[in-house]
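The structure under discussion appears below in the form of structure tokens.
Order of the sequence lines sets the chain letters (A, B, ...), proteins ahead of strands, with each chain counted from 1.
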Amino acid sequence: MTADGLRAGAAALAVLAVVLAVPVPAALARARWPTRSPGPALACWQAVGLAGGLSLVGAGLTLAVSGQGRSWAGGLAALAGRLPGVGAAGWAGVLFTGTAGLWLAAVTMASAGRVITARHAHRARLEFVAGSWPAPPAPGEEERAGPTRTHARPAGVLRLVDYPVPVAYCLPGLRPRIVVSRGAVTVLSRAELAAVLAHEEAHARGRHDVLIQPFAAWRQAFPFLPAAGQALRSVELLAEMLADDAACRACGPAPLRSALQRLGGEHLALRPQDTRAINDELARRVSRLSEPPRPLPRTAVTMLYLAAATLILLPPTLLVLI
Amino acid sequence: MTERGHLEQAVLRVLWGRPGGLTARELIDALEERQPGMTTILTVLNRLARKGLVTREGQLRPRRYVATTRREDYIAQVMLDALGQAPDRAAVLSRFLGSISEADTHHVRRALRRRRANDG
């Protein structure tokens, strides 16, 4: 392979990175079909993010080895041996890969670290005030207080906090916690509470935090890219819809809808534009529960998963072919 | 939850019920479950003090230990933790929050803003 060939490969990867960073997320965020099948849509988002990052770093690497005028792998080995002789294009590639790669890695790790620390601290503080729930039955007591058990819940996951404001949330992780306030237990009917718990449980089991985290990091790494913000909002909304679907399967749509209408605040937004975004998101979820859209046909879902897999494999394949 | 964690929680719960505070000896007597030794209780109180949950009062020994916040205020703070982290939504998922009166909302918002100001 010639240096020109390698440079062309680098250009192809760079184009792919740009396409995956700007128009593709914008189109995916605008599309209507993801709300019909949030699961496959989330897979597509993961593929776009992963392939985008891979092609960005791959483009820089390929440019770096192009100075060696050999195959990609051979060039990489030679590059490590004699850095000074890589030429101008090589240096550009080295700088680009180093900067982009390190920046992405640093922001992702810092963001993940911050989230894990916050979660850990919160869980520790929570344990001072939260009781297990339902409370372990007294000896000889048959009936348990608490929600109807639609299926077995892992022990020690639910926590009840003595707080008058109705609140329910999921603290994800290896040892997830689903936290419900006394206010929520008072305000919600039994069926609504069961639906809310099923929703939070879907978040905890599906590790939706792991699906969202890279996009939060991406937004922090490139705050000037509108696509990064659109991607994060879309992925968050799709994760909510995925959990809504799980709650519907367990309890039907009616109790979740009324619970959402009652406790739809989601979180406290200080800025008016945040409140608007939250209300808009909520309205979409409620209308989706009122008139559930037809899920995508099975073949379309298969095609989407195939497309996602192909997309992830594309940058490494390009690297091997070069 | 570890043994030590359990003890910290039990101690704090007792102190929340006694606004005037207790000496370490009184605290041991007030604990309902298996009563720890003096060294253990002092270690636990030091840990709680480091976390800012308990302070020592008075110069004379034995000193009295007092909870720094009321239980309700502590709970409100913990809930704010969960509900106020708007930028890092991956930390706490899917916050349902609702039906609070205007006054409550106002109070919570003010507390949030104060905390932001302290952080930033």
Side-chain angles (χ1 to χ4, degrees), chain A residues 111-112 114-116 118-119 121-122 124-130 156 161-172 179-181 183-184 187-188 196 199-200 203-204 208-213 215-217 220 232 236 239-240 243 259-271 274, chain B residues 1-2 4-13 15-16 47-48 51-54 67 69-101 103-117 119:
Chain A
S111 156
R114 210 169 34 241
V115 165
I116 290 168
R119 221 182 257 162
H122 183 71
R125 285 157 60 84
L126 192 65
E127 294 301 327
F128 279 110
V129 290
V161 176
D162 188 12
Y163 189 53
V165 178
V167 169
Y169 61 88
C170 164
L171 194 65
V179 183
V180 180
S181 71
V187 163
L188 295 174
V196 166
H199 173 100
E200 301 297 355
H203 279 317
H208 293 171
D209 58 311
V210 175
L211 299 181
I212 294 174
Q213 180 60 48
F215 291 91
Q220 282 159 12
L232 181 59
E236 283 173 351
E240 293 303 329
L260 269 180
Q261 281 164 335
R262 226 188 275 236
L263 305 191
E266 276 287 311
H267 59 89
L268 232 71
L270 286 176
R271 302 178 306 166
D274 287 349
Chain B
M1 181 53 54
T2 59
R4 203 171 56 191
H6 272 305
L7 197 52
E8 279 183 32
Q9 289 165 28
V11 166
L12 193 58
R13 277 194 208 111
L15 288 179
W16 270 331
R47 288 177 57 86
L48 286 171
K51 291 178 184 176
L53 295 168
V54 163
T69 55
R70 294 187 313 147
R71 180 167 175 275
E72 302 89 289
D73 294 340
Y74 182 81
I75 291 177
Q77 275 180 28
V78 175
M79 292 294 100
L80 276 187
D81 255 1
L83 302 166
Q85 297 167 334
D88 268 337
R89 243 168 70 151
V92 175
L93 280 169
S94 191
R95 288 157 272 203
F96 287 93
L97 172 77
S99 319
I100 40 179
S101 69
D104 279 342
T105 319
H106 186 68
H107 170 78
V108 174
R109 272 174 207 268
R110 218 180 39 217
L112 253 182
R113 228 177 273 137
R114 219 176 18 238
R115 165 182 291 214
R116 292 264 161 90
D119 289 350

query = For the residue pair A:Asp162 and B:Ile75, what are the closest heavy atoms and their distance?
reply = O-CD1, 3.4 Å

message = To the nearest 0.5 Å, what is the distance between CG on B:Leu12 and CD on A:Glu127?
response = 13.0 Å

query = In chain order, what residues pass the side chain to side chain contact (heavy atoms under 4.5 Å, CB included) check against A:Ala112, with sequence neighbours excluded?
reply = A:Gln213

query = With sequence neighbours excluded, what pairs up with B:Arg13 under the salt bridge (Lys or Arg N to Asp or Glu O under 4.0 Å) test?
reply = none

inquiry  = How long is the straight-line distance from CE of B:Met79 back to OH of A:Tyr169, given to the nearest 0.5 Å?
reply    = 3.5 Å

note = Honestly, the part of B:Glu72 sitting under 4.5 Å from a heavy atom of chain A is neither

B:Val78 side chain near A:Phe128 side chain, heavy-atom distance below 4.5 Å = no

